[in-house]
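In this chain, residues are counted from 1 in sequence order.
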Amino acid sequence: MAPAGEKPEPVSISPLLKSLAYPAASEIQVSAEEIASAFALIFEDRISEIQTAALLTLLHSTGKDRESDVIAKCSQRMREAASPIEKQPLKKAVKTRGRKEGNYRGGLCDIVGTGGDSHSTFNISTTSSIIASPLLVMAKHGNRAQTSFSGSADVLNAIEPVPPKISAVTADNIAKVYEQTNYAFLFAPNFHPGMMYANPVRRGLGIRTIFNLMGPLANPIDWALEARVVGVAYQSLGPVFAEALRLSGAKKAMVVCGEEDMDEISCAGKTNCWRLSEYPNPAYKGSSDDDASTSDEEAPPRTLVKLETFQLHPSDFGVPTHPLSDVYGRKMPKDNAAKLMSILRNELARDDPILDFVLMNVAALLVISGICEADTSNMGPGDDGKVITERGPGGGRWKEGIRRARWAIESGQALKTFEEFIRATNNL
C-alpha cells in the first residue's frame, strides 16, 4: 500500500487481458483467483481506467463474469477492501438485540436483488427488509439506482417528513445503530470506498458488468449474516448464484427468479427457487456444545449445506396472483417512498397488489431465517398465536411467513423499528 496521500504505483494487467482476449491462442487458463487479484488492484486504484474497462468488457464477452467461482472470489476481494468493522462491538449489539426463535439464531439477515430485470417494479426488497425487522435483525446493503428509476438508497432518502440519514452510517458506528434498533441500511459507498475507482468506468461503459452480480455478495458484514434472500434477473443465473453463495460460506440462503425473469418472488405466477440449507454432518463426532474454534482444523465440519430447487406460486403463500402491471414502480423515489410509508402505516387494503407482492418476499426471508419453524408464537400484541404449520414447496411454511409479515405491519412494529432507525441515524 502507498503511504497516505500518495497515489499507489500503477500495475499493468496486460497478460491477463491477452489471455481473456485470445483464449484459443493462449495456453494459459485464466483462473478465478487471477481475475479476483485484478479486482483487488481496482479497489486500490492501481489499474488504469482503460484496463479496468477492458477487464470488465472481456469478462462479459467471454462469460467469465457469470461463473460462480469468479463471482464468489471477486466479491470476497471487494469485501476485503471494504472499510474495516470492529467485530466484537457489533457481535455484542446483535446478540443483545436478536431474538432466537424456531431455527433462527438471532443473527443478521439481508434481502437484495441484482437489479437489471427491466420490470421497474416497486422497491420490494427495501420495503421487505423493513417489514421483517421486528422479527429479524436486518442488515440491508444497498445503493442508489443503477438499472432502475428508484434504488434502495434513493427511496430511503425521499422519506418524509424526516428521512433516515443513511450517509451517516459507517463502519465506525454501525454497532451503535444496532444498540438502538433492529434495522440498519448499509449504504454501499460508505463501506466500499474502493468502488469510487470503478464507478466512472461502469458509467462510461453503459453495460451490465460483474459488479451488478457482486453487489448482493458484497455486504460489508457478510461474515455476520445468518440468512438472506437474493433475487437474480434471469433464470440461468439461479444455479450460478446459489453456488457462488455456497462458495462464499452461506448456509441459509435462497436465490429467486420470477418466471418473467424478475429478481423478486413474482406476484403474477411461478418463481424458480434455489435454496441452500444446512443439515447435521454424520461424520462430525463432537457434541453440539463443542466450541468450533478449538476443534482440529482437519476435523469434519459440524454441518453440511444442501441445495434444493423448486417453484413457488402466490397460492403457496395463500395470496392471489396479480398482473405485473399492477405493481409497476416506474415512478420517482418520492412516489415510492410515499407508498412504502403507507404500507408501514397499514393504510393499504388487505388485498392490495403491492402489499401481497411485498408480503410474499418478506415471508420468504422469514422462512429462510428459520423463524417460521417455531411451533409456538408470541410476537406481541396483535399476535393470535395460531401458528400455520402447513408446508409447501421445499418444505417451507410459506403461509406462516405471511402471517408473521402481516403481524409486523398491522401491529405497528415495522413502522416503530423503522422510526427507531430514522432517529438513530439522525442522532449520529
Student: On the 0 to 90° scale, with breaks at 30° and 60°, tag the F310-W398 ring pair as parallel, tilted or perpendicular.
Tutor: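 Ring orientation of F310 relative to W398: tilted.
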Student: Grab the two heavy atoms, one from V327 and one from C267, that are nearest each other, plus how far apart they are.
Tutor: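 For V327 and C267, the tightest heavy-atom pair comes out as CG2-SG, 3.9 Å.
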Student: Step by step, work out the side-chain contact (heavy atoms from CB on, under 4.5 Å) result for S129 and D110.
Tutor: CA-CA 7 Å; S129 68; D110 191 10; 5.8 Å; no
Student: Are the side chain of N190 and the backbone of S167 linked by a donor-acceptor contact shorter than 3.5 Å?
Tutor: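 Checked: pair present.
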Student: Contact between R202 and N212 at the side-chain level, heavy atoms closer than 4.5 Å - yes or no?
Tutor: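 Yes. Closest side-chain heavy atoms under 4.5 Å.
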Student: With no hydrogens and no angle check, just 3.5 Å: does a side-chain donor-acceptor pair link S377 and D383?
Tutor: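 Yes, D383 and S377 have a side-chain donor paired with an acceptor closer than 3.5 Å.
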Student: Could you tell me the separation between the CG atom of N182 and the SG atom of C109, rounded to the nearest 0.5 Å?
Tutor: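 Spacing of CG (N182) from SG (C109) equals 10.0 Å.
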Student: What I want to check is whether the side chains of N272 and E259 have a donor and an acceptor closer together than 3.5 Å.
Tutor: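 Side chains of N272 and E259: no pair found under 3.5 Å.
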Student: Hey, which of I265, T127, N123 is the one that makes side chain to side chain contact (heavy atoms under 4.5 Å, CB included) with V358?
Tutor: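 It is T127, the one option of I265, T127, N123 that forms the side chain to side chain contact (heavy atoms under 4.5 Å, CB included) with V358.
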Student: Which heavy atom in A184 sits nearest to a heavy atom in F421, and how many Å separate them?
Tutor: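 Closest heavy-atom pair between A184 and F421: CA-CE1, 3.7 Å.
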Student: To the closest 0.5 Å, what do you measure between CD1 (I371) and CG (L136)?
Tutor: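 Reported value, rounded in 0.5 Å steps: 5.0 Å.
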Student: Looking at L247 and D69, what are the two nearest heavy atoms and their distance?
Tutor: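 It is CD1-CA, 3.8 Å.
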Student: Would you please test N219 and F191 for side-chain contact (heavy atoms from CB on, under 4.5 Å) and show each step?
Tutor: CA-CA 9 Å; N219 191 312; F191 292 85; over 6 Å; no
Student: Which value, rounded to the nearest 0.5 Å, describes the distance between S236 atom OG and F241 atom CZ?
Tutor: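 Answer rounded to 0.5 Å: 12.5 Å.
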Student: Mind listing the closest non-hydrogen atom pair of W274 and T309 along with its distance?
Tutor: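 W274 and T309 have their closest heavy atoms at CD1-OG1, 3.5 Å.
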Student: Quick one: does Q413's side chain have a donor or acceptor within less than 3.5 Å of a partner on A408's backbone?
Tutor: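 Here the side-chain-to-backbone pair does not exist.
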Student: Using a 4.5 Å cut-off on heavy atoms from C-beta on, say whether the side chain of T389 contacts that of R397.
Tutor: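 Yes. Closest side-chain heavy atoms under 4.5 Å.
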Student: Which atom names give the shortest non-hydrogen contact between F317 and A364, and what distance separates them?
Tutor: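 Taking every non-hydrogen atom into account, CE2-N, 4.3 Å.
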Student: In sequence, state the C-alpha distance, the side-chain angles, and the governing distance for C74 and I210, and then conclude on side-chain contact (heavy atoms from CB on, under 4.5 Å).
Tutor: CA-CA 9 Å; C74 290; I210 192 172; 4.3 Å; yes
Student: D261 and Q235: side-chain contact (heavy atoms from CB on, under 4.5 Å), yes or no, with the steps?
Tutor: CA-CA 6 Å; D261 281 343; Q235 305 301 329; 3.2 Å; yes
Student: Apply the test salt bridge (charged side-chain N to carboxylate O under 4.0 Å, His left out) to residues R77 and E80: give CA-CA distance (whole Å), side-chain angles for both, the deciding distance (0.1 Å), then the verdict.
Tutor: CA-CA 5 Å; R77 292 304 180 96; E80 290 170 352; 3.7 Å; yes
Student: So, the side chain of N173 versus the backbone of A168: is there a donor-acceptor pair under 3.5 Å, distance only?
Tutor: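 Between the backbone of A168 and the side chain of N173 there is a qualifying donor-acceptor contact (under 3.5 Å).
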Student: Using atom types as modelled and distance alone, determine if a side-chain donor or acceptor of E373 lies under 3.5 Å from a backbone N or O of G370.
Tutor: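 Not a single qualifying donor-acceptor pair exists.
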Student: Do L16 and V30 make a side-chain contact, defined as non-hydrogen atoms from C-beta onward lying under 4.5 Å apart?
Tutor: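 Yes, at least one pair of side-chain atoms sits under 4.5 Å.
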Student: Examine distances only and state if a side-chain atom of D45 and a backbone atom of Y197 form a donor-acceptor pair shorter than 3.5 Å.
Tutor: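 Such a contact is absent between D45 side chain and Y197 backbone.
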Student: Taking atom types as modelled, is there a side-chain donor on E278 or T303 under 3.5 Å from an acceptor on the other?
Tutor: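 T303 and E278 do have a side-chain donor-acceptor pair below 3.5 Å.
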Student: Are E101 and R404 close enough that some pair of their side-chain heavy atoms sits under 4.5 Å apart?
Tutor: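 Touching, per the 4.5 Å side-chain cut-off.
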Student: So, D356 side chain and P353 main chain: donor-acceptor pair closer than 3.5 Å or not?
Tutor: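 No, D356 side chain to P353 backbone: no donor-acceptor pair under 3.5 Å.
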Student: Are any non-hydrogen side-chain atoms of P320 and D351 less than 4.5 angstrom apart?
Tutor: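 SC-SC contact between P320 and D351 ruled out.
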Student: Which heavy atom of A171 sits nearest a heavy atom of P84, and at what distance?
Tutor: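 Shortest heavy-atom separation between A171 and P84 comes out as CB-O, 3.4 Å.
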Student: Between K176 and E179 (salt bridge meaning N to carboxylate O under 4.0 Å), is one present in this structure?
Tutor: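 Salt bridge: no.
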Student: Would you call V112 and H141 a side-chain contact if the rule is heavy atoms closer than 4.5 Å?
Tutor: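 In short, these two side chains do not touch, never coming nearer than 4.5 Å.
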Student: Are any non-hydrogen side-chain atoms of L428 and V177 less than 4.5 angstrom apart?
Tutor: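 A side-chain contact under 4.5 Å exists here.
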Student: Got a donor-acceptor contact below 3.5 angstrom from the T209 side chain to the F211 backbone?
Tutor: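 Yes; judged by distance alone, with no hydrogens or angles, the pair exists.
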Student: Could you check whether any side-chain heavy atom of R350 comes within less than 4.5 Å of a side-chain heavy atom of R406, counting everything from C-beta outward?
Tutor: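 The answer is yes, as the side chains (C-beta and beyond) meet within the 4.5 Å cut-off.
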Student: Using salt bridge (charged side-chain N to carboxylate O under 4.0 Å, His left out), reason through R403 and D384 one step at a time and then give a plain yes or no.
Tutor: CA-CA 10 Å; R403 187 186 77 87; D384 60 11; 3.1 Å; yes
Student: Under the side chain to side chain donor-acceptor pair (under 3.5 Å) definition, can you give me all pairs with a residue in residues 83-92, not counting sequence neighbours?
Tutor: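 Applying side chain to side chain donor-acceptor pair (under 3.5 Å) to every pair that reaches into residues 83-92, excluding sequence neighbours, yields nothing.
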Student: E226 pairs by salt bridge (charged side-chain N to carboxylate O under 4.0 Å, His left out) with which of K95, K100, K252?
Tutor: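 Exactly one candidate clears the test, K252.
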Student: Drop me the distance from M214's CE to M78's CE, to the nearest 0.5 angstrom.
Tutor: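 Between M214 CE and M78 CE, I get 5.5 Å after rounding to 0.5 Å.
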Student: What distance do L304 atom CG and S277 atom OG have between them, rounded to the nearest 0.5 Å?
Tutor: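 So the gap between those two atoms works out to 11.0 Å.
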Student: Which residue pairs pass the ring-ring contact (aromatic ring centres under 6.0 Å, His included) test when at least one of the two sits in residues 58-104, sequence neighbours left out?
Tutor: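 Those involving residues 58-104 do not exist here.
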Student: Checking T181 side chain against T417 main chain: does a donor-acceptor pair fall under 3.5 Å?
Tutor: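 The answer is yes, because a donor-acceptor pair under 3.5 Å joins these two groups.
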Student: Any sub-3.5 Å donor-acceptor pair from R79's side-chain atoms to L217's backbone N or O?
Tutor: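 Here the side-chain-to-backbone pair exists.
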Student: Hey, does the side chain of T425 reach the backbone of I422 with a donor-acceptor pair shorter than 3.5 angstrom?
Tutor: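 Answer holds: yes.
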Student: When the ring centroid of F185 is compared with that of F418, is the distance short of 6.0 Å?
Tutor: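 No, the ring of F185 stays outside the 6.0 Å limit from the ring of F418, centre to centre.
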Student: Evaluate K64 against E67 for salt bridge (charged side-chain N to carboxylate O under 4.0 Å, His left out), listing each step before the verdict.
Tutor: CA-CA 5 Å; K64 282 281 183 184; E67 293 180 4; 3.5 Å; yes
Student: Working to the nearest 0.5 angstrom, can you tell me the gap between I159 CD1 and L344 CG?
Tutor: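 Interatomic distance, I159 CD1 to L344 CG, rounded to 0.5 Å: 7.5 Å.
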